[in-house]
Structure formats: structure tokens, C-alpha cells
> 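Right, I'll just put the structure down here and ask away after.
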Amino acid sequence: MSKEKGSSSMIFNVAQLMKSPVGTSVASDIDEDNAQLDETLKITSPLVGHARMRRVNQGLLVDGWLDLTLEQTCDRCLKRIEQPMHVTFEELFYPTVDVLTGTPLPPIEEDDVFPIDEHHQVDLTEALRQSVLLAIPMATLCNPDCAGLCPQCGHDLNLGPCECKPEVDTRLNVLKTLLSNSNHDQS
Ligand SMILES: [Zn+2]
Ligand SMILES: [Zn+2]
């Protein structure tokens, strides 16, 4: 079956599942070639993953995983890095209309839940966006030992030392000696 134009593997019609008994589940692959989850994220790979939707009392419990590659920059030397990520998610989706009668349902007063829209569709985009943002590490380094850039001339110190003269400050040098000694002690 070819993919319909404009169709998304992150949007599912769950009308049948919502009519099914609690405990019923369906699973589906996620495969998006040109997905853009968030304007701050530069995704350089297809989104590939798997989602399982399970009928629970309140609605649907959706869990699964997603693999993607993000383009980021090293915090120290600003080099571009391709960062592969494996993200898992588990979210509750609640119905906004009754699946049998079409009657609007009162909104659920709970945080961290997502709506099943009035066409009985689940859109995973927002849930996946939040999961990916949460999974991004606080610090991004091209290499744990990245030497960074010279604060004076901007030279990439991973490529070797620059011509800058170290700032002369005896207190700083004493501190550097102490630090390098303590590094030696650890190794
Ligand atoms: Zn770096
Ligand atoms: Zn320099």
C-alpha cells in the first residue's frame, strides 16, 4: 500500500480501538522521511519508531520508541555533531467526543495528557516532540575531552595550541598546577 499524499505515520484513526474492550491494543510503525518536530531541532535522519496503543479506562495509553539523529553543536568548540538518539515515550490520550454518539465530552483536568480529536484521531507529533526535547542531554560535547576554543583568538585547541600568550596571573597558575596535580591523582 503506498503512502497517501499528506498522510502521516504519526497520526492514527482510533475509532475502532476506542469501541474495543479495555486491554485491546494495536501497534504501528513510525516512519517519517522529512519530519520536523520542533523549530529548535534539526533532525537529519528519518524518524523511525514503533507505537503501541492500548485501550484503558480513561482513553488510550500510547507507548513506544523513536530513533532519530539530531544535528547539534559542541558546547566547547562549536563543531557540528550528529547525535543519534533513542527516545522512549508513554503518554495518555483521552477522548474529546464520545466515540459512539459524537457527543463532546468534558475536558480532563489533568496535566500530561493529550487529546484524541473529534475525528477520533491520535496525533503523536506533540507527544514525540516533548519526549525528544526531554531526552536531549544538558551538555553536548563532540568528545568528552574536547579542548574547546582559545578564549582570546578563537583557535580550535583540538587542532593544537595557538600563538596566544597565556595570561600571566600567578594565582591562576597556582590553581592550574593544583588542578593538574589532582587530575594526576585521579588517573
Ligand atoms: Zn568540541
Ligand atoms: Zn589563541
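Whatever order the structure lists them in is the order used to number ligands and atoms, beginning at 1.
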> Testing the 3.5 Å rule here: is there a donor-acceptor pair between the side chains of H50 and D29?
yes
> Any N/O/S atom, backbone or side chain, of H155 lying under 2.8 Å from the Zn ion (ligand 2)?
no
> With no hydrogens and no angle check, do the side chains of Q83 and T140 hold a donor and an acceptor under 3.5 Å apart?
no
> Could you please compute the angle at the Zn ion (ligand 2) from SG of C153 to SG of C162, rounded to 10°?
110°
> Using modelled atom types only, decide if a donor and an acceptor are shared between the side chain of S131 and the backbone of A127 within a distance under 3.5 Å.
yes
> Between E32 and S9, is any side-chain donor less than 3.5 angstrom from a side-chain acceptor?
yes
> Can you tell me, to 10 degrees, how wide the angle at the Zn ion (ligand 1) is between SG on C77 and SG on C74?
110°
> Compute the angle centred on the Zn ion (ligand 2) spanning SG of C164 and SG of C150, and express it rounded to 10 degrees.
110°
